[in-house]
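For ligands, and for the atoms within them, numbers begin at 1 and follow the listed sequence. Position 1 is the first residue of the sequence, and the numbers go up from there.
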Amino acid sequence: MTTPVDQRFHLAWFKSFTPHDWRSTWSGSEERDWMNGDSHVDFLQALERARFDFLMLEDSLMVSDTYAGTAEASLAQGGYAPKGDPALLASMLLSETRRIGVIATMSSTFVPPWLLARMSATIDHLSGGRFGWNCVTSSENRAAQNFGMDALPPHDERYERAHEYVDLVTQLWDSWEDGAVVMDEESNTYVDHTKVHPIHFEGRWHRSRGPLNLPRPPQGHPVICQAGGSPAGKAFAAGNADVLLSLPKGLADMKRYRDDIRDLAEKAGRDPDDIKVMYIISPILADTDDEAREIQAAMNANVEAGIKAQMVNWSATMEIDFSRFDLDRPLPDDATTNGHQSTLSTFRRFAAGRTLREAFTAYRTEAIEVVGSPATAADTLQEAMEFVGGDGFLVMGPTNRRYVHEITEGLVPELQRRGLVRTEYAGAQLRDHLREF
Ligand SMILES: Cc1cc2nc3c(=O)[nH]c(=O)nc-3n(C[C@H](O)[C@H](O)[C@H](O)COP(=O)(O)O)c2cc1C
């Protein structure tokens, strides 16, 4: 008898702790009240009812003034700042849910490793093992200047430092043996000191004596997430991450990217099945395919506003002033970044032979277009996973309640009926969800 192949894939959502969708007709009180966290709680509970693996909270550590040399456009847009601390929000959200995981972004370039190890271990304890760290090396000199540096270290050096950083953080998590807390009243011993070890870490970039001052986290090591796309970024991710957020476009690229990561992981001595590659989607859903196409057309109608928003956003992450460029000419060859290099190189390939206006009009962050009724959208996702081989999708879209429910109450039940996503959590911790299939 042959065992049926488990076709299931993973679902997660990407969000910022910002007034995310404040311009939408359907944002409700979110535009004013986002800072108290309540709407995020509702949002995460909806994702948990739909049995998502996790919510990923992005972060950046600055107010950008790259676009036209002023913070005006960036602050007016309200997309990059204001922004709250995602790890603190994660802690609140996890206390209001029971099974779903939350991954928060923290920078290996700016946060001292001992602090990061402690904060993530604390949240992992508070949540019974449902926390993850999105390990980024950060992308902006403006952020570096908030931490007393003149500029960021160069791109590839940041990944070298990050390798060492993860090694150090992992050793700190392991500095308490499992079972160090004995709570033995007879010998009046809460912690057995022979099971708690300094690490005496002496690296090229980082030093720490250790040990950490709290027991090993429930997951041992909280889940590590990464989104590197450059050669240095991919090597780092393949060696260290449990889950990858990726930017490839189209089925062939998606498959190539995943195969590449799995190869690199194997070369690093890891089981490739321990790494899940998630692809970005922004489904446009409606009762019928025609209606969904109409919504898409209406969304695309305001081209100029969309281009401006994209340029302001990328000016912030890449620290390239896109306002300098003539929209009716191609992207200049000398536009380079010390920030998101793979994002720029993907866009450069896409923009070849197009004016900037044409390129920005046609470019989408999503890996594949998902437009239609829940059944059509489910077909698209199913076919993509059959072609690529796994591992799942990261929804990046407006987080007003209406859109969230279209996904969680419309698309997900359709995927569940087809046996393509889970209907119940099998495990209690975030890594259990990721390794369930
Ligand atoms: C889905 C996704 C989410 C990301 N989130 C963040 C983030 O929250 N903070 C950050 O500084 N960088 C973030 N990045 C940028 C990545 O860490 C990385 O710098 C970028 O993908 C470019 O890869 P590279 O550094 O290897 O060139 C994200 C990238 C992707 C694709």
Side-chain angles (χ1 to χ4, degrees), residues 10 12-18 20 54-62 64 79-81 83-87 89-90 102-111 116 132-144 146-147 152-163 165-166 224-241 243-249 253-254 257-258 260-261 264 276-282 313-314 316-320 336-349 363-367 392-397:
H10 301 266
W13 200 300
F14 174 95
K15 195 184 184 319
S16 308
F17 188 8
T18 54
H20 196 82
F54 64 89
L55 165 67
M56 141 75 193
L57 292 166
E58 66 87 42
D59 201 20
S60 56
L61 298 161
M62 45 117 214
S64 175
Y80 231 71
K83 187 180 288 180
D85 186 310
L89 178 63
V102 177
I103 294 179
T105 299
M106 290 184 274
S107 170
S108 60
T109 303
F110 302 130
V111 183
L116 185 137
W133 164 37
N134 179 34
C135 173
V136 299
T137 66
S138 295
S139 324
E140 313 93 359
N141 290 332
R142 277 288 181 267
N146 289 336
F147 291 86
L152 277 179
H155 178 272
D156 286 10
E157 181 188 308
R158 294 202 302 279
Y159 279 112
E160 276 173 39
R161 289 169 182 247
H163 269 289
Y165 189 107
V166 169
I224 295 182
C225 171
Q226 230 286 316
S230 59
K234 284 202 291 198
F236 173 65
N240 295 290
V243 58
L244 253 94
L245 314 178
S246 66
L247 280 175
K249 305 271 164 287
D253 251 18
M254 289 160 71
Y257 181 87
R258 180 169 180 269
D260 210 14
I261 292 291
L264 288 168
K276 304 302 172 192
V277 178
M278 309 288 281
Y279 303 98
I280 297 168
I281 52 168
S282 305
N313 208 12
W314 279 11
T317 53
M318 297 183 195
E319 292 191 323
I320 296 170
T336 57
T337 181
N338 187 28
H340 295 199
Q341 291 194 347
S342 50
T343 314
L344 183 61
S345 56
T346 306
F347 182 65
R348 188 178 286 292
R349 278 196 304 279
Y363 187 80
R364 295 285 175 276
T365 306
E366 62 196 351
F393 296 99
L394 180 75
V395 179
M396 196 183 263

Could you go through ligand 1 and note, for every N or O atom, any protein N or O atom closer than 3.5 angstrom, writing the atom names and distance to 0.1 Å, or 'none'?
from     : atom 1 : to     : atom 2 : distance (Å)
ligand 1 : 8 (O)  : Asp59  : N      : 2.8
ligand 1 : 8 (O)  : Asp59  : O      : 3.4
ligand 1 : 8 (O)  : Thr105 : OG1    : 3.3
ligand 1 : 9 (N)  : Asp59  : O      : 2.8
ligand 1 : 21 (O) : Ala227 : O      : 2.7
ligand 1 : 23 (O) : Gly229 : N      : 3.2
ligand 1 : 23 (O) : Ser342 : OG     : 2.9
ligand 1 : 25 (O) : His155 : NE2    : 3.2
ligand 1 : 25 (O) : Tyr159 : OH     : 2.7
ligand 1 : 26 (O) : Tyr159 : OH     : 3.1
ligand 1 : 26 (O) : Gly229 : N      : 2.9
ligand 1 : 26 (O) : Ser230 : N      : 2.9
ligand 1 : 26 (O) : Ser230 : OG     : 2.5
ligand 1 : 27 (O) : His155 : NE2    : 3.1
ligand 1 : 27 (O) : Gln341 : N      : 3.2
ligand 1 : 27 (O) : Ser342 : N      : 3.0
ligand 1 : 27 (O) : Ser342 : OG     : 3.3

Legend entry - Gap between atom OH of Tyr159 and atom OG of Ser230 - 0.5 Å precision: 5.0 Å

Inset, instruction - Go through the side-chain N and O atoms of Ser60 and Lys83 and say whether any donor and acceptor fall under 3.5 Å apart. - result: yes

Legend entry - Side chain Lys249, main chain Leu247, donor-acceptor under 3.5 Å: yes

Inset, instruction - Evaluate the ring planes of Trp133 and Tyr165, with Trp represented by its six-membered ring, and classify them as parallel (under 30°), tilted (30 to 60°) or perpendicular (over 60°). - result: tilted

Inset, instruction - Calculate, to the nearest 0.5 Å, the distance between atoms CD1 and CG belonging to Ile261 and Leu244 respectively. - result: 5.0 Å

Legend entry - CD1-CZ distance between Ile103 and Phe14, expressed to the nearest 0.5 angstrom: 11.5 Å

